[in-house]
Protein chains: 2
Amino acid sequence: MNIKDLTIEQLEEAANMLKAIAHPMRIAILNYLDDGKKLTVTEIHELLKIEQSTTSHHLGILKDKGVLSSKREGKNTYYFLKHANLSNIVNCVSKCTMG
Amino acid sequence: MNIKDLTIEQLEEAANMLKAIAHPMRIAILNYLDDGKKLTVTEIHELLKIEQSTTSHHLGILKDKGVLSSKREGKNTYYFLKHANLSNIVNCVSKCTMG
DNA sequence: ATAATATATTTATATATTTGCATTTGTCTA
DNA sequence: TAGACAAATGCAAATATATAAATATATTAT
């Protein structure tokens, strides 16, 4: 299938995925989750110095749109990239800002 | 410089770039502009079957955020990708929707 | 069962985005 | 210069998103 022949539904799915990533805090989250790393909500909340509820909200968006997966272990929930190649997107765009 | 050490300004710039791309119609536009293709506002407006002003608006966003460049030739304005590698982003995400 | 810790959800407010109509600006041709 | 065509802009209504405070839920340990 040619990439130009995406249906409106597929375009929307792609847009939702990118929209999920397209936020400063969520890009920062993805930068921390490269190389298969797994972090808890609290760890991210402390690393980014943003509210716990805001952190959970952002992680929920990334999970809902298929960017992250999560796994509960006891009291903690670990979040990690669903597809390793997704960090390429962040790398690509981030590098564009470092020129 | 490590990609993890992006400043808040750089994170915002990266987010703005992704936000510019993260829209169904704008992804469709980028899909038409691969391989160095150049299209006018009217051509895109007819291909996508959306209003001329809406088309121009989307193109303006993409240009403003550094995704596209434009070149006036007579009555027409041609739009094209500013950096060829940006279509990788669209390809990457689009492919995620074709699984 | 109760307390402590971690995460998620609800809610409200503020802010931003999308869209199309109407208008304006720019460019070419007669 | 007037008319036609192409593109851009101003505006307003509808819709979506971001944030944080408060609250709720889940899990573990005592």
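Each chain gets a letter, A, B and so on, in the order its sequence line appears, and its residues count up from 1.
- Of the possible polar contacts, one joining the B/His23 side chain to the B/Met25 backbone as a donor-acceptor pair under 3.5 Å is found.
- Counting heavy atoms from C-beta outward, B/Asn16 and B/Asp64 have side chains that stay 4.5 Å or more apart.
- Taking atom CG of residue B/Leu59 and atom P of nucleotide D/dA8, one finds them 7 Å apart after rounding to whole Å.
- Counting any heavy atom pair closer than 4.0 Å across all strands shown, B/Tyr79 reaches sugar-phosphate atoms only and no base atom.
- In this structure, NE2 of B/His57 is placed 11 Å from C1' of D/dC11, rounded to the nearest angstrom.
- Per the geometry, NZ belonging to A/Lys71 stands 17 Å off C1' belonging to C/dT7, to the nearest Å.
- A straight line from CD of B/Gln52 to P of C/dT24 spans 15 Å, rounded to a whole angstrom.
- Atom pair A/Lys75:NZ and D/dA29:C1' shows a separation of 7 Å (rounding to whole Å applied).
- Relative to the six-membered ring of A/Tyr78, A/Lys71 misses at least one condition, a distance below 6.0 Å or an angle of at most 45° to the axis.
- Taking atom CG on A/Asp64 and atom C1' on C/dT7, their separation rounds to 17 Å, with Å as the unit.
- Across all strands shown, A/Thr40 has heavy atoms under 4.0 Å from sugar-phosphate atoms exclusively, and none from any base.
- Note: NZ (B/Lys63) to P (D/dT9) measures 9 Å, nearest angstrom.
- Among B/Thr54, B/Thr55, B/Leu39, the one residue that satisfies the side-chain contact (heavy atoms from CB on, under 4.5 Å) test with B/His45 is B/Thr55.
- The residue B/Ser56 sits close to a base: some heavy atom pair falls under 4.0 Å.
- In this structure, B/Thr77 and A/Ala22 both approach DNA chain D, and ranking their closest nucleotides by distance from the 5' end singles out B/Thr77.
- Across all their heavy atoms, A/Ala22 and B/Ala15 have their closest contact at CB-O, 3.8 Å.
- Protein atom CD1 of A/Ile61 is 14 Å distant from nucleotide atom P of D/dA16, rounded to whole Å.
- Nearest to the side chain of A/Arg72, among C/dT18, D/dT19, C/dT7, sits C/dT7.
- Toward the 5' end of DNA chain D, the nearer of the two residues A/Glu73 and A/Thr54, judged by each one's closest nucleotide, is A/Thr54.
- Checking C/dC21, D/dA20, D/dA8 against every side-chain atom of B/Ser53, the shortest atom distance belongs to C/dC21.
- At the phosphate of D/dA6, neither OP1 nor OP2 sits under 4.0 Å from any side-chain N or O atom of B/His45.
- At the heavy-atom level, B/His23 lies under 4.0 Å from the strands shown only through sugar-phosphate atoms.
- Nucleic acid contact class of A/Thr42 (heavy atoms, under 4.0 Å, all strands): sugar-phosphate only.
- Comparing C/dT18, D/dA7, D/dA20 by their closest approach to the side chain of A/Glu51 singles out D/dA20.
- For A/Asn76 and D/dT27, the shortest distance from a side-chain N or O to OP1 or OP2 is not below 4.0 Å.
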